Amino acid sequence: MTTPEETPSSRSRPSALDLYETMVRIRELETRIESLHYSGKMHGSFHSSMGQEGAAAGVIGCLRSTDLVTSTHRGHGHAVAKGMSPTTIVAELLGLQAGSSGGKGGSMHLHDIGCGFLGENAIVAGGVPWAAGAAWASRRLGKDLVAVSFVGDGGAAQGVFAETLRMARTWGTPLLVACENNHLAHSMPVERTFGEPGSIAAWAAGFGIRAEYVAGDDVFGVHRIAAEMIDEVRITGRAAFLEVEVWRVRAHSLNDPDYRYLPRDLGKSHLQTHDPIANAERSPELSDAEIAAARERVTQEIADAIEAAFEGQAAAESLATSGVYTEAFEREAQLRGW
Amino acid sequence: MAGELKYAEAIRRALADELASDPNVVVMGQEIEALGGVFTATQGLAESFEGRVLDTPLAESATVGWAIGAAMAGLRPVVEIMFMDFIATAMDQIVNGAAKLRYMSGGQITVPIVIRTPSDAGTGHGPQHSQHLETWFAHVPGLVVAMPSTVPDAYWMLRQSIRDDNPVVFVESKYLYFRESGEIGPESRGTAHPYEARIVRNGHSVTVVTAGRMVAESLAAAESLAVDGIECEVVDLRFIWPYDRETLAQSIERTNRLMIVHEAVQDFGWGSEICSWAASELFYSLDAPIRRLATPRAPIPFAAHLESALVPNRTIIESAVRDLAMH
């Protein structure tokens, strides 16, 4: 186990075990969520980040609690890594009052302002300008924080993505865009849109910002480059871009017939070759005893979290139309029949 | 506050006064810094409020998204979209971001942003610089839609909108920017609630509900009709959402006739909503069918004679109201 190291811009660094444990926490939570769907206890959309945990853990592991993160439709891992409570997440996915929005948002709309998780956004790349603007505004308000915006290779094709990189370059903002290139924009192979791994970073570099590529199946490698870049972003206030190559194990979403566009068992074979968790377990950074203890700890934690979530109550149906506007507005609306 | 201002100057004064009174207000948009805005609404503000009135790249979607993020972090951004037609390029951020964030986050996030944007035909700007699109936003839960018609309203409604914690789409009248003048006067905020409509002319014959620059056209029509004893009650809606049902109902119950006039295209326009509401709620108060008078289903043409053939004006309003009054 490595010891946390002090740097000028970050109070403490996570240990190898911290990074590993975050990945296991994400994997365990999402695996259990998947089971809850298959057993009919959960409904609706779910996009698993299985196999991509190295990006979430490695990048967010560099952040302070006050730093900000925006995410995508595939964002449970980012939420967990930033410190959002698994109980709150599960309660939200169950549509219960104790969820982050009492069941209004669901899987693709997790938000936890308290831990700096500004939120997911199910509009691909829609959260990138949020992170940029929040980081920029925070800097103006005298806060020494940075924002990380996760986006996928699919999102890198969106107009707002390019617009935001241009604006970040023009205005300056302490933002790291972490692009999880999982090779597939739903069914569209990234090779057809951008090219080989690293080509999104090469393209982003054209905006005049620092852009790097890293393989996401090595959480320690991700963490090394992300830590260095986030330090630089924090000190200079200039945006940067990190392409993290990851491998999507599951279908795009739970009910997606990915056999129509992918070889069967490709996901499983990704887990044989590119699993960031298995790779971390094979590294000299972690002992077998640490791994076993972490797994046991996390399994229990997630089991407890799910149990706690199931104890919650559903929100009243009358709440479905509330919380659209501010409370003062809605009081008037109720009074006046708007 | 003595002295007359143009409508555009009233907007500028409101921005200046909010910038001065709240250090968290920032103004973002295209050509607003050195140029001072294509309609002069920000002229001189970049110098007076250094670093707070900022040119963006030509990137409406990122600009609105950036403003949303800045609002999440504690600022009150005001975004200028140069012409309302251009707002189409920022729709996702307004509709899926600003409007829904409070709901999606269970109240954790508020997005106090104002999106100022001018609309109107009558200025020879052609099909992609003239369309009234306020109905789009009135349809989206989470947004407030403001549409001032006078100098005091341009000033006070903008100040109110900047202080509103809800996201506001603020539709300015580019036709009136340099034609309408007046004094700002004392605060014209509603007495019962902030989104009140205003009866700008009393009458017993027909209620004419309108907003924006059509208020002046309707008032002019009302003066001509008065010569023949037809007395219009003209209601300036001021806010398209929420629209002030109490004021409308009181007026319609007095006149028993309703005409809705707007510059947005008639089909599925906001007049249809008011028409539907009035037909349901005030059926027994109505002595005649409700009429809508609005722009036909065509883009706004460039040529002045084509433009004026399409958009309602005082003459067309006068004739339509006369028919309704005689019904």
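As the structure is a computational prediction, the values presented were derived from the model and not from experiment. The analysis underlying the following values was restricted to heavy atoms, covering all of them including side chains, and did not include hydrogens, waters or symmetry mates. Proteins come first, then strands; the chains are lettered A, B, ... in the order of their sequence lines, and each starts at number 1.
In this structure, no portion of B:Trp277 lies under 4.5 Å from any heavy atom of chain A. Proximity to chain A involves both the backbone and the side chain of B:Thr63, based on heavy atoms less than 4.5 angstrom apart. Only the backbone of B:Glu60 comes within less than 4.5 Å of a heavy atom of chain A; no side-chain atom from C-beta onward does.
Contacts with chain B were tallied for A:Gly105, A:Gly102, A:Ala134; A:Ala134 has the most, counting heavy-atom pairs under 4.5 Å. The candidate from A:Thr170, A:Leu68, A:Leu145, A:Ile123 with the greatest count of non-hydrogen atom pairs under 4.5 Å with chain B is A:Ile123. In terms of heavy-atom pairs under 4.5 angstrom with chain B, the leader among A:Ile113, A:Leu335, A:Leu118 is A:Ile113. When A:Ala333, A:Ala131, A:Ala168 are compared by the number of non-hydrogen pairs under 4.5 Å with chain B, A:Ala168 comes out ahead. Taking A:Gly106, A:Ser138, A:Gly337 one by one and counting their heavy-atom pairs under 4.5 Å with chain B, the maximum is reached by A:Gly337.
When every heavy atom of B:Ala73 is checked against every heavy atom of A:Ala137, the shortest pair comes out as CB-CB, 3.8 Å. Taking every heavy atom of both residues into account, A:Ala132 and B:Trp66 meet most closely at CB-CZ3, 3.4 Å. Contact detail for A:Glu332 and B:Ala192: the closest heavy-atom pair is OE2-O, 4.1 Å.
No donor-acceptor pair closer than 3.5 Å links the side chain of B:Tyr103 to the backbone N or O of A:Thr321. Within the 3.5 Å criterion, the main-chain N or O of B:Asp55 finds a donor-acceptor partner in the side chain of A:Trp171. A:Arg166 places no side-chain N or O within 3.5 Å of a backbone atom of B:Pro57 that could act as its donor or acceptor partner. Put simply, the side chain of B:Gln108 gets close to the backbone of A:His111: a donor and an acceptor are under 3.5 Å apart.
With values rounded to the nearest 0.5 angstrom, B:Arg102 atom CZ is found 9.0 Å from A:Ser322 atom OG.
More than 12 non-hydrogen atoms from other residues, nucleotides or ligands lie less than 6.0 angstrom from CD of B:Glu246. For CZ of A:Phe310, the number of neighbouring non-hydrogen atoms (other residues, nucleotides, ligands) closer than 6.0 Å is greater than 12.
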